[in-house]
Structures are given as C-alpha cells and as structure tokens.
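Shown next, in structure tokens, is the structure this report addresses.
Just so we're on the same page: letters track the sequence lines, and every chain starts at 1.
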Amino acid sequence: MPRFYVTTPIYYVKDAPHLGHAYTTVNADALARWHRLAGDEVLFLTGTDEHGQKVARAAEAQGLTPLEWTDQLAPRFQAAWADLDIAYDDFIRTTEDRHTASVQAFLSRIHDNGYIYKDRYQGLYCVPCEQYYAEDELLAGGCCPVHRTPVEHLEEENYFFRLSAFEDRLVEWFEAHPDAVVPESKRNEALSFVKGGLRDISITRTSIDWGVRVPWDDEHVFYVWYDALVNYVTAIGYGRDDARFAAWWPSVHHLIGKEILRFHCVWWPAMCLAAGIDPPARVQVHGWLLLGGEKMSNSSVNQIAPGDLTAEYGVDPVRYHLLRDIPLGSDGEFSAEGIVGRYNTDLANTLGNLLARVATVVGSKCGGTGPAPDPASRLAGVAGEVVAAAVAAWGAGQPHLGLEATWRLLRETNAELEAAEPWKAEPGPAVEAVLGSALEVLRITALLLVPAMPSTARELWRRIGLAGVPEDRRLPADADWGGYPGGGTVEKGAPLFPRRKG
RNA sequence: GGCGGCGUAGCUCAGUUGGUUAGAGCACACGGCUCAUAAUCGUGGGGUCGCCGGUUCGAGUCCGGCCGCCGCUACCA
C-alpha cells in the first residue's frame, strides 16, 4: 500500500494561530484526506516548536517554568485545528521526551560522522533580535536594521555544522531529483543559493538552556532551528524505532511557506545527508496569504484569527476559499469580498442550488425517492473527464485545479437540467433518467469534496439518500459512473449554503 | 550590484515542442426559463498578448534591447 507522510512546519508556540498557519495546515489536511481517499496509508504530522530564548523569557515573566508556559500555549493550536476540521494523525511538541531522544540521536550521528566541530564565533549581535548580523547588513553607525539600536560585539564558543561540505552533494541531489522541491521556481532559488557557496553554521548555544542538551557537551544546547527540523524524523521514530522509521522515510512531503525555504531545502537535506539518511522526497513550497498586499505575519497587526472566520462563514467555506482561490505556490490575496464572492457563486449558487432544485423535482416527480442514473447520460462522459482531472490535480498537489474541475461537472449538470426540463415532464423513465443522473453527479461530487469540505461531503451524501460516509469510499474506483443505487430517500432540507448579502 | 521570475479581457488567471478565428471563471449587457437559495441556461460586448526590433511561410510562444513590478542574496506560517 502506498504511503503518504505529510508534514506542516511546527509552529512557534508563542504566536497566536492565525490564518497564515491555517492556510498551510488546511492544505496539508486536504492532501492527507485525498490520499486516504485514494487508499494510501497516511501519516499527517503537525505540532509546535517550543524551545528558544523568547519562550524562556516569556515564561519567566509569567512566573512559570518554560514547560508550564508552553503547556498552556500548545492547546491553542490544537483548538484552532479542531475548529478547522483538521484530522492530523500526530501532534508533536518539541518539549516531548521522544523529541529530545531523536534530536540527540540524530545530531550525535552527524557528530560521529565528523560533520560537527567546535569553534569560537564572534560577531555583531543584536540582543532584541537574538541574532548576529554581518557588517554590510547594518545601518550607518553599526545599528541593527530592525531595532535601529547599536549591536554588540559578542564572542561565543559554538558547535558548527559543516554545511560547506555538502555543496556538491546538494547540487547532485537537486539534479537527480528534479521534483524534490516544487514549484520549480523555488527549486531554482534553493539551487542557486547552494551554488552561491555555503558557510558552516553555528548550531549550539551556551547562553541559553531552554533547549535540547548537546549529548556530548553539557554546556551547550542546540539552537532552536536544528532541534525543530528534526521533528520530522522524531515523529516516525528516528533513533527509537528503526523499523517504523524505515517504513516512512524518506517518502515524506513537507509543506512549507516560502520564507523557510532555505531551512527545508538546504540545511535540512544537508543534515540528512550528514546523518546518513536520504533527504526528504518532496518539499512543497507555498506562497503567502496577503491582506491588502501585506503579508500576514507573526509580528504584524493584520492577523486574522481562523476562529473569527469560521464563526462568520462556516468551516467548509473557509477551507474552500483557501484551497480554491490560492494556487499552491502563489501568493494569494485574502479579502472579505473574495470569500463572499466564492461562497455565493460556487457554494450557494452552483452547488447548493443544484441540490435544492434536484431534490425538489425528485420530490414532485418521483415521490422523493432517488432514481438510478442513466448509463448513457452525456454527464457520464463529463464525470469521467472531471474525475480524471481531479485525480491528476490532487495527486500533483494542486487543490485549486481539482476543485475547478469538480465545478465544471456541476455547471454541466445545471445545463443538462435546463435542456431536459424534468419539472415540465410527466413522471416516467425519461424524467427518472435525468434526475438519477443529476443525483449521480452529486454522489461523485460528494466524493471529490471529501478533501476540501469533509462536512459538506458527508451532508451531501446523506441528503441524496446514501448510507455510510463518503470518506469510507475509494477513489477513483467508487467515482465510476453508475454508483448511485437509486431507491434512497432524497431530502431537500435547508439550503446547504444560504446566499450571503455581504 | 548579482541570480531568478512576472507583465495576456474590467478582475483572477490558463495558454504543451512556434501552427486555424488567443481561452476559462468572475463581473457586465441582452434573451430564455420559473424546478431551484433574485438561483439557473443561452448569447454577446470587451485584447495593438508591457514597448521596440529581429528570426520565420507563420511569434502570446524563440532571440536581442527597453520599460514596469516582484522574489532571493544566511530571522519568521
């Protein structure tokens, strides 16, 4: 059975979950649901990143230990994902014992392989940023470009990862695996970064102790990024369960935002090579959610809480908008006009209204019992094409194309009803053939909607009189034309998506 | 500065290796229908494919130059 292991980045626990986090997570969830529907064995991982100096200081300010503090924060993400119907299989926290064990095993292996060495680091450090700057990055007078305050000359003893040793092997890896980083523009960006020359990177700190202890030197903890990246192998048992690890690695699918491309497409593959394992099979880089042209980021004020949106528009419409309107890989503009427009045209008008009109006519012409579809319906061919297009699109990590294809089928079905006008005809086989075919389209649509709108898919399935739940079916086999059995009770019910004014 | 990308309908975008009349959705206009959530169906208007030049029987597509926007150039979904 094919395996599909999909990850989101682990989110920095101190940030409140916002729509940017939700965007990544909804995409990962939809891809995971698609692969489950395809019959693959799926592991969907998300979680929180809980180490680092900022967390330690914030905890101290609260009079709590760091762990007590993050114990309070991590559930905010779990709650946000529950609200968005995110069905992750594992939620990792970097403060868990399993993670400490895997980080220590992973980095010890790199150390044993000779790619970690101790050196003295000196540089210009901005305390508020917790970061070193190169001289040419500073403003006039030696000031931090962010805080506009003077930086300090600092000297620290660190362990370094010999990233520079991996230049050639990374280039070879990119060339041997053209699909390892998608879209291609991001792959080129990563590759040109590697070709531009790699410097060794400092991976430990002595100035902090809220982190994973370096097993060969008690004075040091790992810098938060190196501990964070390892979460992807922690979750599948690195250093603790070799059989499980071997089953899931390296066929992993990392979903990330473009701002962390370098970590995932350069540092992380190099760390894997250094540890003697294959780099990740795929890193899928997505764009940003923009609000009025501005990035929605952790530090700015333009954050939108996912819960506010789901309360206003409903969970599935929010998921649909994120998946349908922003091609994975491009930046996308989020706006109230955008979500309402998509809601009214696609969900209320095309889909919801189709169900309503079919249900009404089945009620008046067939006594409310759904008839079987017509094997010779023109829609059978359209459905076949659409299912094939959706399978290809979702398989290629392009939810917006999968959904676009699905709506083509719905529009064709509305047109078919106009042509046949079953509401004018006397009850009989001709009317039943038309309505049965429309119901069959709705059944296939329910299947195709499982990844994007799981609740809607279930409700559609139930309304047209089918037993069970659509996510228990399998694609593409169960989407073959003719699967609607006929004989079930079709329920009109309240509008699936009531039209919105504003 | 270096490397890379983009510019196609009012908006968002699609346009394989050059090849009939440049497409889709939305928006707009007109018409049909009245089963349906003022929904739906059909038709239509709207493009010097950023600009200039070149290659070619033929260029949105290839080449050169120019204009404009953006990304990366060692923090952050």
*Sequence neighbours excluded, which residues qualify as ring-ring contact (aromatic ring centres under 6.0 Å, His included) partners of His400(A)?*
none

Distance, [atom1] atom - from [M] to [N], rounded to whole angstrom:
| N | M | atom1 | value |
| --- | --- | --- | --- |
| C62(B) | G15(B) | P | 13 Å |
| C63(B) | G19(B) | P | 15 Å |
| G18(B) | G54(B) | C1' | 15 Å |
| C35(B) | A14(B) | C1' | 34 Å |
| G60(B) | U21(B) | P | 11 Å |
| G50(B) | A22(B) | P | 15 Å |
| G68(B) | G32(B) | C1' | 46 Å |
| G46(B) | A9(B) | P | 14 Å |

Send over the distance from [X] [atom1] to [N] [atom2], rounded to a whole Å.
| X | N | atom1 | atom2 | value |
| --- | --- | --- | --- | --- |
| Arg411(A) | A24(B) | CZ | C1' | 8 Å |
| Asp200(A) | A74(B) | CG | P | 16 Å |
| Arg205(A) | C75(B) | CZ | P | 12 Å |
| Trp423(A) | A39(B) | CH2 | C1' | 12 Å |
| Glu412(A) | A24(B) | CD | P | 13 Å |
| Leu417(A) | A39(B) | CG | P | 18 Å |
| Glu189(A) | G71(B) | CD | P | 11 Å |
| Glu418(A) | C41(B) | CD | P | 7 Å |

If you check the [X] side chain, which of [options] turns out closest?
| X | options | answer |
| --- | --- | --- |
| Ala415(A) | A77(B), A36(B), C41(B) | C41(B) |
| Tyr11(A) | A74(B), U40(B), A77(B) | A77(B) |
| Phe193(A) | C33(B), A74(B), A36(B) | A74(B) |
| Asn414(A) | A77(B), C26(B), U40(B) | U40(B) |
| Arg199(A) | A77(B), U37(B), A74(B) | A74(B) |
| Pro495(A) | A77(B), A74(B), U37(B) | U37(B) |

Under 4.0 Å between a side-chain N or O of [X] and OP1 or OP2 of [N]?
| X | N | answer |
| --- | --- | --- |
| Asn349(A) | U40(B) | yes |
| Arg499(A) | A39(B) | yes |
| Lys186(A) | C72(B) | no |

*Which range-with-range stems can be found for RNA chain B when each stem has 3 or more Watson-Crick or G-U pairs in a row and both distances sit under 3.5 Å?*
B:1-7 with B:67-73, B:10-13 with B:23-26, B:28-32 with B:40-44, B:50-54 with B:62-66

*Per the side-chain hydrogen bond (donor to acceptor under 3.5 Å, both in side chains) rule, which among Lys14(A), Glu50(A), His51(A) passes with Thr70(A)?*
Glu50(A)

Would you check if there is a donor-acceptor pair between the side chains of [Y] and [X] at a distance under 3.5 Å?
| X | Y | value |
| --- | --- | --- |
| Thr234(A) | His99(A) | yes |
| Thr94(A) | Asp227(A) | no |
| His253(A) | Gln284(A) | yes |
| Asn414(A) | Arg357(A) | yes |
| Thr456(A) | Tyr320(A) | no |

Base, sugar-phosphate, or nothing: which does [X] touch, judged by heavy atoms less than 4.0 Å apart?
| X | answer |
| --- | --- |
| Gly332(A) | nothing |
| Lys258(A) | nothing |
| Ile260(A) | sugar-phosphate |
| Leu198(A) | base |
| Tyr23(A) | nothing |
| Pro9(A) | sugar-phosphate |
| Trp225(A) | sugar-phosphate |

*Electrostatic pair Arg319(A)-Asp29(A), nearest N-O below 4.0 angstrom*: yes

*Which letters describe nucleotides 1-8 of chain B, given B = protein heavy atom under 4.0 Å from base, S = only from sugar-phosphate, - = neither?*
--------

*Is there a side-chain contact between Arg324(A) and Glu404(A), using heavy atoms and a 4.5 Å cut-off?*
yes

*asked:* A side-chain contact here means heavy atoms from C-beta on lying under 4.5 Å apart; do Val386(A) and Leu448(A) qualify?
replied: yes

*Would you mind telling me which residue lines up with the more 5' stretch of RNA chain B, Asp346(A) or Leu354(A), judged by nearest nucleotide?*
Asp346(A)

*Hey, which of these two, Ile256(A) or Lys424(A), hits RNA chain B nearer its 5' end, going by closest nucleotide?*
Lys424(A)

*Might you confirm whether atom CD of Glu421(A) has over 12 heavy atoms from other residues, nucleotides or ligands at distances under 6.0 Å?*
yes

*Counting only N and O atoms by type, is there a donor-acceptor contact under 3.5 Å from the side chain of Asp83(A) to the main-chain atoms of Ala79(A)?*
no

